[in-house]
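Remarks on the structure that follows.
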Number of protein chains: 2
Amino acid sequence: MLEAPKPKTITTQAMEKIRQLIFDGELAAGSDHLESELADRLGMSRTPVREATLMLAQQGLLEVRPRKGVRISTLSLKDMGEIYSVLTELESLAAEEAASSGYSDEDLKALKQSIEAMETALEREDREAWAHADDAFHDELVRLGGNSRVESIVSMMANQVRRARAMTLYIRPLPLKSNEDHRAVYDAIKEGDSDKARDRHRSHRQHAREVLIDLLKKHKLFHI
Amino acid sequence: MLEAPKPKTITTQAMEKIRQLIFDGELAAGSDHLESELADRLGMSRTPVREATLMLAQQGLLEVRPRKGVRISTLSLKDMGEIYSVLTELESLAAEEAASSGYSDEDLKALKQSIEAMETALEREDREAWAHADDAFHDELVRLGGNSRVESIVSMMANQVRRARAMTLYIRPLPLKSNEDHRAVYDAIKEGDSDKARDRHRSHRQHAREVLIDLLKKHKLFHI
DNA sequence: GGATTTAATTACGTATACGCAATTCAATGT
DNA sequence: ACATTGAATTGCGTATACGTAATTAAATCC
């Protein structure tokens, strides 16, 4: 699981900073920006900014529109549906693979801890903490799946829906039932039952997808 | 399904040309190249070449190694397995979605034609034609799935394994059984049986994955 | 007054310039 | 011989320059 040591070039910094600006909403979805504006804002020249935007465009976070600048991507309901479908499939694959990997309890410690963190967060109705632990669960699940492509695609897709998740965090019902699912997935992985791990995670995700989309519709958030 | 009209900038041309050089094997897997070398080769300056390589790196076709130039990606057996797993999941999703879309016979014409093309190619033992039709089948299936993210991820993954498929085209057994699968998937989509479409395509893909990996092992092609 | 042509501006796409990190290689010391 | 050091070279990362497509504004015509 060794990754290449990351080069800390200015281009890389630009990518991370721009990504963060998008996640924080400082570059609002749908807004347009000049390369020179971003360069000024980040205190560097256009070159690394330009390179960063081209890479981020490949990841779907923004579009570079020739001669028109950079537009931060928006998400329609259809986009959300697409992304959640992909997440469902690939995370379910990860769950299946994790279950067939013969992990020890020790290997699964982080996964278990994230479930426990979700439970205590739910008891306290601490939505931020719950969201954080939920992220940790999904990240760890995918990591245990051991497929680096799945990891990077899932991370890309999760990045794209980050804003939407943040927006809905406080308007959605507390996911009281979801911990059952998490536990069931965890147990299936521990038992090595790959079909069960897969199916259980898949239905969990499909349900989450429906809840989210209904919620967005109900609040008329057709475009984020 | 309208895509944004493609800008024909030099950077775009660089991307396409470099991609083609990789597919054609003129930039061999594992080989290193200077930005200036590629720039000379393509008759342009370093800037668009550099931008192109950064984007292609996001797609996994090559790596940009700071201060060391561009390295064309190689594929290990593990990589092949990873990619085929992703393809299996996402294509199966596409089959499922296609089946629940209520497509008419007319809508499914291209899919049917690709199956027929595979059958006639098999009778003639024309492997090139078969491979071409097989590509068409998978492309069309994914298109019918109607998920643009799935389309682009699948296309990325298919690009990554292109070399390996070309290498094995003449050493693998003729896929005589696979047309049954294709027909079954087609029928399931036509009938609107999404579970069947999904399951059938999934097992088809899983089988193909195993065959390919065994083949690579048998020929000691551990690294392509 | 509204439409159309033309001039001016803007912002990008590409080329070029330049300095530094990384590598190479030779010279020196042991 | 081998290791070590340091100079020379290489190749990239970033900045800057510049021409041109796209947009806006102005001017002209009907």
Side-chain angles (χ1 to χ4, degrees), chain A residues 2-22 26-74, chain B residues 2-22 26-74:
Chain A
L2 354 161
E3 290 293 319
K6 301 206 173 180
K8 212 170 60 182
T9 70
I10 297 193
T11 298
T12 309
Q13 295 174 39
M15 236 199 319
E16 287 168 9
K17 283 186 185 177
I18 294 173
R19 215 198 320 260
Q20 201 55 50
L21 288 174
I22 295 175
E26 298 199 39
L27 299 177
S31 61
D32 291 324
H33 304 274
L34 303 181
E35 291 178 357
S36 48
E37 176 211 327
L38 294 174
D40 287 349
R41 196 152 171 172
L42 303 188
M44 57 186 69
S45 82
R46 273 181 55 217
T47 304
V49 167
R50 183 176 168 76
E51 292 175 352
T53 57
L54 289 171
M55 290 190 278
L56 292 171
Q58 297 290 313
Q59 301 178 10
L61 284 183
L62 48 82
E63 297 166 67
V64 295
R65 311 193 309 155
R67 307 247 168 220
K68 290 191 180 173
V70 168
R71 173 165 295 176
I72 310 305
S73 296
T74 61
Chain B
L2 354 161
E3 289 293 317
K6 300 204 174 180
K8 214 171 60 183
T9 71
I10 297 194
T11 299
T12 309
Q13 294 174 40
M15 237 200 316
E16 287 168 9
K17 284 187 184 177
I18 294 172
R19 215 199 321 258
Q20 201 55 51
L21 288 174
I22 295 174
E26 299 198 39
L27 298 178
S31 61
D32 290 324
H33 305 274
L34 302 182
E35 291 177 357
S36 49
E37 176 211 326
L38 294 173
D40 288 349
R41 197 154 172 172
L42 304 188
M44 58 186 66
S45 81
R46 272 180 55 215
T47 306
V49 167
R50 183 175 168 77
E51 292 175 353
T53 57
L54 289 171
M55 289 190 279
L56 292 171
Q58 298 291 313
Q59 302 178 11
L61 285 182
L62 49 81
E63 296 166 69
V64 296
R65 310 194 309 153
R67 307 253 169 215
K68 290 191 179 173
V70 167
R71 173 164 294 176
I72 310 304
S73 296
T74 61

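Labels below follow one simple rule: chain letters A, B, ... track the order of the sequence lines, proteins then strands, and each chain is numbered from 1. Treat the numbers as computed from the prediction; the structure is a model and nothing was measured.
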For residues B/L54 and A/L54, determine if any side-chain heavy atom of one lies less than 4.5 Å from a side-chain heavy atom of the other.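 Answer no - side chains too far apart.
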Evaluate the side-chain proximity of A/I18 to A/L42: yes if any heavy-atom separation is below 4.5 Å, no if none is.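 A side-chain contact under 4.5 Å exists here.
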Report yes if at least one side-chain N or O of [X] is closer than 4.0 Å to OP1 or OP2 of [N]; otherwise report no.
X     : N      : value
B/T47 : C/dT14 : no
B/R50 : D/dG13 : yes
A/K68 : D/dT23 : yes

Does any donor-acceptor pair link the side chain of B/R46 with the base of D/dG13 at a separation under 3.5 Å?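 Yes, a donor-acceptor pair under 3.5 Å.
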Return the value, rounded to whole Å, for the distance between atom [atom1] of [X] and atom [atom2] of [N].
X     : N      : atom1 : atom2 : value
A/L54 : C/dC12 : CG    : P     : 12 Å
B/D32 : D/dG11 : CG    : P     : 11 Å
A/E63 : C/dC12 : CD    : P     : 15 Å
B/M55 : C/dG13 : CE    : P     : 10 Å
B/R67 : C/dG19 : CZ    : C1'   : 9 Å
B/K8  : D/dT20 : NZ    : P     : 18 Å
A/I10 : C/dC20 : CD1   : P     : 13 Å
B/L34 : C/dT23 : CG    : P     : 14 Å

Testing the basics here: between B/Q13 and B/K8, what is the closest heavy-atom pair and its distance to 0.1 Å?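 In this case the closest contact between B/Q13 and B/K8 is NE2-O, 3.5 Å.
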Polar side-chain atom of B/S73 near backbone of B/G60 as donor-acceptor pair, under 3.5 Å: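 Checking the backbone N and O of B/G60 against the side chain of B/S73, a donor-acceptor pair under 3.5 Å is found.
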